[in-house]
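Data first, discussion second: the structure below is written as structure tokens.
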Amino acid sequence: MMGDPTWDEEDEEGDAEGGDGAEAAARRPVPRTDPLAALAEAAGHDDPERWWEDVVEHRAPGDGSPAGALPDGSGAAAPGAADPFAPFAAVAEAMGALRDTPGGPATGTGRDAVREAHMRLRIRAARKEYGDAIAVVCGAWHVPALDTGATTATADRALLKGLPKVRTDITWVPWSHRRLARRSGYGAGITSPGWYAHLFHAADRPLERWMTKVAHLLRAEDHPVSSAHVIEAVRLARTLAAVRGRPAAGQAETTDAVRAVMCDGSDVPLALVRDRLVVGDVLGEVPDAAPAVPLQRDLARLQRSLRLKPAAPERELDLDLRKETDAARSRLLHRLRLLGVDWGVPAGDRGGTGTFREGWRLRWEPELHPRVAEAGIWGTTVLAAATAKARAQAASARSLTDVTTLAEHCLLAGLPEALPRVMRSLADLAALDADIGRLARALPALARALRYGDVRSTDTAALAEVATGLALRVCVGLPPACTGLDADGAAEMRGHLDAVHAAIRLLPDIRGLRTRWGAALRGLTARDRVPGSLRGRATRLLLDGGRLPEDDAARLMALALSPGARPADAAAWIEGFLGAATGREARQDRSGGLLLVHDERLLRLVDSWLAGVPADAFTDVLPLLRRTFSTYDTGVRRTLGELVRRGPSAGGGRPALREDGAPEFGAGLDEARADGVLPVLRLLLGSGHDHREPVGAGR
């Protein structure tokens with residue numbers, strides 16, 4: 001018998017299936033209140049959880065109070081203070097009284113009657129097989145109805161007659177404290193499972209041991225908590241319990257004491273205590289011999305062999321794919337994600353550019369067990385199930401992006417037998433799709449798949465051929481697709497431009513792919529009907545790739561910022577040229593500001609154009625420029641501001657010119673300050689080098 005008598009939400013909302021008349025009325029759910037809340041109210045308590053603590057959790061046999069007695073007349077005392085079953089008997093008697101009370105919580109009617117009839121039949125079957133040495137685990141509300149002598153088996157079968165029969169397989173699923181604390185779905189609604197687990201296991205000094213746990217947790221999170229805090233918190237909790245008339249300090253008293261003594265009155269560290277201790281991350285276990293689908297057994301075998309134990313707390317896992325064990329772990333996690341079992345979630349970009357490292361966040365939830373069982377329809381092993389599902393998804397795919405993503409997943413998961421079917425679907429869909437936007441969205445996933453295939457030693461020749469053909473089609477169709485776009489269309493196409501450029505850098509240079517891509521970008525820079533943001537972005541990509549000389553970039557900028565250009569178009573060109581990349585490349589591309597810092601000709605062009613923008617157009621241009629420059633690092637923005645403040649001429653006259661005739665911002669090289677670096681250079685390079693040569697020599 002469980003102390004918290006909970007029931008399914010569907011018991012309160014749904015109707016029973018089939019039947020009419022009296023049988024239908026018997027199966028129809030009847031609203032009812034919480035029976036323990038009714039007992040607590042009868043005892044003069046407004047909180048059923050606190051009442052349950054007082055009468056059950058804090059009154060163990062032999063503590064000087066009658067075990068199982070319900071104080072204030074709310075229940076009968078159990079015979080014998082040393083009887084461990086006395087509290088159960090007392091609660092069962094109280095539940096029987098509640099069920100017989102007119103106007104109180106609903107009696108055993110509605111769907112409960114059907115459920116309880118089935119329970120009695122199962123109890124009779126268990127007694128017939130095992131005798132009387134059986135235990136029944138159920139909600140306390142059902143206990144009075146489980147007396148098999150009160151009804152006959154014939155009556156119970158008659159009540160169940162007419163219900164539809166459904167074939168089911170039963171297995172045990174490990175439950176977690178967090179799942180117990182949920183009220184939605186099939187959660188038990190026990191708000192403090194970690195606290196009650198502590199009371200169950202701490203046979204002596206439960207309060208002192210609990211405060212010690214809290215202190216350990218807060219110390220681990222760098223909160224200053226000492227043993228003196230523990231002693232004072234225990235004293236305060238006991239004092240509060242005495243003032244409130246409770247037999248022992250309960251959860252409310254310990255929470256108040258922890259807040260006042262260890263958390264300095266703040267609820268922020270107290271929320272950590274509730275999350276980690278009051279609720280907790282404990283995950284149960286089931287015996288190996290428990291019934292399980294074949295896929296679950298294969299997963300358990302892989303978890304043992306790869307030393308990946310499922311656990312409720314979230315943890316980080318860093319994998320080095322050059323190691324066989326880590327590579328096998330990566331394949332397992334990717335295969336499970338393909339099957340819809342999200343035990344691990346990729347941790348995202350960790351700042352590196354290597355392909356041999358992966359980061360994961362692992363957290364095992366009880367609901368993953370049913371998902372594993374559902375995935376068992378695809379195969380009896382994780383490898384076979386993932387392969388079968390990948391093939392089925394490839395056969396039913398209608399989107400090119402979905403197939404390219406699936407191809408990437410197959411390479412990451414190590415599914416070579418599924419790749420041929422995926423490649424056929426990919427080639428078929430790519431041949432029929434003429435939309436440049438969809439082709440551009442599909443290409444990056446293929447490029448990443450090729451990149452990851454190298455480190456996993458996977459044969460990707462067929463994938464490379466398909467990806468190259470896709471990229472060549474993008475090169476041909478990109479310039480016409482970029483013509484005549486509005487602002488929203490240009491913004492979307494700019495993201496495609498960045499993604500395709502990054503993808504082509506990862507693809508092998510087959511059939512002159514990079515040359516043809518450079519020609520496509522040059523075609524964009526020369527088309528007047530292409531939006532300014534795309535022309536500016538194409539110019540920047542060519543400049544970064546070494547396919548456009550700096551003089552040509554300056555000439556294109558001068559044309560875009562000429563007095564005849566509309567200020568909004570010029571600002572869009574600047575945003576495309578100097579703005580950060582979009583999508584996956586956005587975190588790495590913050591170099592637009594550095595380009596202005598080191599190329600004074602471009603800075604002079606931007607500065608001159610901005611100074612000449614008419615006042616009536618400046619307010620329209622400013623938001624676009626602010627968005628562009630806000631992507632730069634703080635140091636870059638500070639350097640640009642200093643350069644602009646000093647201006648291109650120190651004397652305020654004509655701009656200072658460098659040797660090549662370009663205007664120069666700033667005061668030039670300070671040789672005296674540069675000479676101060678020489679002692680450090682001698683120390684770094686060794687005393688054998690002669691650094692007495694003037695700084696400007698050899699420049």
Side-chain angles (χ1 to χ4, degrees), residues 1-19 22-36 38-39 52 56 85-101 104-173 175 179-180 183 185-190 284 286 290-291 370:
M1 179 177 63
M2 300 180 67
D4 188 9
T6 58
W7 49 83
D8 305 340
E9 292 174 349
E10 64 178 5
D11 289 347
E12 302 176 10
E13 300 174 1
D15 289 333
E17 303 86 345
E23 288 188 3
R27 295 168 187 165
R28 190 173 300 117
V30 178
R32 63 166 181 246
T33 58
D34 185 351
L36 283 187
L39 290 177
W52 181 261
V56 175
F85 299 104
F88 295 90
V91 172
E93 182 180 352
M95 291 297 160
L98 281 175
R99 292 172 69 104
D100 295 336
T101 301
T107 59
T109 59
R111 182 171 297 184
D112 275 351
V114 178
R115 298 174 65 192
E116 289 164 357
H118 177 73
M119 293 180 193
R120 289 191 293 269
L121 290 176
R122 301 308 303 166
I123 292 175
R124 291 188 181 97
R127 279 178 171 166
K128 184 177 180 180
E129 183 175 358
Y130 301 106
D132 291 335
I134 62 173
V136 179
V137 180
C138 67
W141 177 256
H142 301 292
V143 171
L146 299 187
D147 182 5
T148 56
T151 61
T152 63
T154 302
D156 290 338
R157 293 192 187 96
L159 193 57
L160 298 175
K161 185 178 180 180
L163 291 179
K165 294 183 179 181
V166 179
R167 181 178 177 83
T168 60
D169 291 324
I170 300 175
T171 185
W172 289 92
V173 174
W175 221 238
R179 170 55 67 180
L180 288 172
R183 291 190 179 273
Y186 204 84
I190 301 174
V286 298

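Residues take their numbers from the sequence shown, with the count starting at 1.
Contact of the V143 side chain with the F88 side chain is not registered, since no non-hydrogen atoms from C-beta on lie closer than 4.5 Å. Looking at heavy atoms from C-beta onward, M95 lies in side-chain contact with L39 at the 4.5 angstrom threshold.
The two residues L146 and R120 have their closest heavy-atom pair at CA-CG, 4.1 Å. Between P144 and R99, the shortest heavy-atom contact is CG-CD, 3.8 Å. Closest of all the heavy-atom pairs between L98 and P35 is CD1-O, 3.3 Å. Considering all non-hydrogen atoms of both residues, L159 and A117 come closest at CD2-CB, 3.9 Å.
The number of heavy-atom neighbours closer than 6.0 Å to CZ of R124, taken from other residues, nucleotides and ligands shown, is above 12.
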Can M119 and T148 be said to form a side chain to side chain contact (heavy atoms under 4.5 Å, CB included), step by step? CA-CA 9 Å; M119 293 180 193; T148 56; over 6 Å; no
